[in-house]
2 protein chains.
Amino acid sequence: MTSTRSYHHGDLRRALLAAAADAMAESGPAALSLRDLARRAGVSHAAPAHHFGDKAGLLTALATQGFELLGEALRAAGDDLRESGVAYVGFAVRHRAHFEVMFRPDLYRADDPDLVAARERAGELLRSGVARHTGREPDVDSLAAWSIVHGFATLWLAGALPARVGPDPEAAARTVIGRLFP
Amino acid sequence: MTSTRSYHHGDLRRALLAAAADAMAESGPAALSLRDLARRAGVSHAAPAHHFGDKAGLLTALATQGFELLGEALRAAGDDLRESGVAYVGFAVRHRAHFEVMFRPDLYRADDPDLVAARERAGELLRSGVARHTGREPDVDSLAAWSIVHGFATLWLAGALPARVGPDPEAAARTVIGRLFP
DNA sequence: GAGCAATCTTGTCATTGGCAAGATTGCTCC
DNA sequence: GGAGCAATCTTGCCAATGACAAGATTGCTC
């Protein structure tokens with residue numbers, strides 16, 4: 001993964017993104033420090049700037065990667081609407097750093113072309129899955145479906161849910177989704 | 001509101017909380033600066049420390065205030081479950097800074113006694129509202145209800161929803177909630 | 001192998017959060 | 001009314017951070 005080669009790191013961009021995801025999963029997005037990422041990657045404190053410009057640039061790249069990963073997760077979940085919802089929650093739990101950045105547009109450049117494209121692709125997957133399942137008013141249905149899985153994932157990540165929900169977020173999500181699409 | 005009196009500001013704690021909510025509503029929580037808040041309140045850069053200790057202390061107070069405001073909003077919405085959900089979304093939109101901090105426990109001290117008490121009170125209001133409405137398995141129902149309104153509010157604040165949802169978050173929320181509790 | 005662009009480093013600056021020490025104010029009690 | 005005292009606020013300082021500028025090193029191209 002993070003092969004610390006000789007000089008000219010060789011894989012700095014990828015290593016920095018991975019380090020950012022690790023650091024944010026540990027200590028939250030507020031504590032993220034470019035200099036700390038540089039230390040983790042074994043490079044100087046100014047090296048990240050060349051690849052990402054500034055902090056917002058790095059988070060833009062991380063969010064873009066997140067939307068691509070979400071797209072993959074949704075595709076892997078297949079055609080079943082409920083399992084797509086479970087996959088959404090699973091993605092949020094497994095890639096919590098990506099997920100948390102993706103929906104915080106004040107942290108990155110939301111008009112970045114690559115990011116917009118990746119977000120559109122993931123959004124289309126969500127909508128098409130709902131449209132396949134329900135007949136009438138797919139707009140409202142997809143909005144409700146997105147809201148319920150996004151809300152569940154967010155509350156889970158925030159640690160806001162009571163203990164009785166149990167330790168398995170995907171199982172709990174499946175039950176909750178069943179209330180919306182019986 | 002923020003009465004800048006003589007020396008010994010007189011209302012610094014409240015003024016700083018209000019300034020923090022304003023600043024975060026403008027530029028997001030990441031850009032929050034204690035020194036900027038002090039400037040807005042017309043005091044020195046170290047004054048906030050006396051009232052809140054540090055940044056996490058200020059955000060703990062803001063989150064506590066947020067849970068109290070949410071409780072008031074839910075009480076004002078009355079007994080109807082759907083209107084409670086609309087009130088939840090309305091609170092998030094009207095007090096977006098409070099809402100954003102409340103569900104980001106990495107920013108504050110989640111074990112603060114005052115905060116825990118305010119959070120418990122608001123959570124009980126949510127659960128009791130759902131329990132009044134549905135008969136069976138209030139746990140799952142309340143989890144689904146909380147998830148769908150929380151998700152809708154979060155997506156709205158993130159600017160992630162498509163334009164066709166319309167300009168009125170509470171009206172759109174009412175429609176979405178209708179899908180869960182027809 | 002020379003030239004060149006990409007990559008990385010060192011050095012610097014303004015800003016920030018946090019701490020320590022001191023000044024000012026308002027309250028209490030005699 | 002005033003002395004003492006605690007709360008409040010200020011000034012001064014330090015380490016860490018993000019961002020920028022200028023220079024060094026590497027690898028690619030011709």
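Note: hydrogens, waters and symmetry copies are ignored here, and every other heavy atom, side chains too, is used. A note on names: the letters A, B, ... follow the listed sequences, proteins ahead of strands, and every chain is numbered from 1.
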With sugar-phosphate meaning primed atoms plus P, OP1 and OP2, does B:L58 contact a base, only sugar-phosphate, or nothing at under 4.0 Å between heavy atoms? nothing
Could you check B:R39 against A:L12 and say which one's nearest nucleotide on DNA chain C is further toward the 5' end? A:L12
Quick one: [X] [atom1] to [N] [atom2], roughly how many Å, whole number?
{"X": "B:F52", "N": "C:dC19", "atom1": "CZ", "atom2": "C1'", "answer": "18 Å"}
{"X": "B:K55", "N": "C:dT15", "atom1": "NZ", "atom2": "P", "answer": "16 Å"}
{"X": "B:R35", "N": "C:dG17", "atom1": "CZ", "atom2": "P", "answer": "7 Å"}
{"X": "A:D36", "N": "D:dG18", "atom1": "CG", "atom2": "P", "answer": "9 Å"}
{"X": "A:L37", "N": "D:dA16", "atom1": "CG", "atom2": "P", "answer": "17 Å"}
{"X": "B:D11", "N": "D:dC9", "atom1": "CG", "atom2": "C1'", "answer": "15 Å"}

Please tell me which of the listed nucleotides, C:dT16, C:dT10, C:dC19, lies nearest to the side chain of B:A46? C:dC19
If you apply the rule salt bridge (charged side-chain N to carboxylate O under 4.0 Å, His left out), what do you find for A:R127 with A:D141, and how did you get there? CA-CA 9 Å; A:R127 291 210 344 113; A:D141 277 324; over 6 Å; no
Once you apply the 3.5 Å cut-off to both distances, tell me the Watson-Crick or G-U wobble partner of D:dG2, or none. C:dC29
Nucleotide opposite D:dC28 in a Watson-Crick or G-U pair, distances under 3.5 Å: C:dG3
Side-chain N or O of [X] less than 4.0 angstrom from OP1 or OP2 on [N]?
{"X": "B:S33", "N": "C:dT16", "value": "yes"}
{"X": "A:H50", "N": "C:dT7", "value": "yes"}
{"X": "B:R13", "N": "D:dA7", "value": "no"}
{"X": "A:H51", "N": "C:dC8", "value": "yes"}

Is there a donor-acceptor contact under 3.5 Å from the side chain of A:S142 to the main chain of A:D139? yes
Check the orientation of B:Y88 and B:F99. Use parallel for under 30°, tilted for 30 to 60°, and perpendicular for over 60°. perpendicular
For residues A:F91 and A:H98, establish whether the separation of their ring centroids is below 6.0 Å. no
Are A:D11 and A:R14 within salt-bridge range, i.e. N to O under 4.0 Å? yes
Which residue lies more 5' along DNA chain D, comparing A:H45 with B:A47 via nearest heavy atoms: B:A47
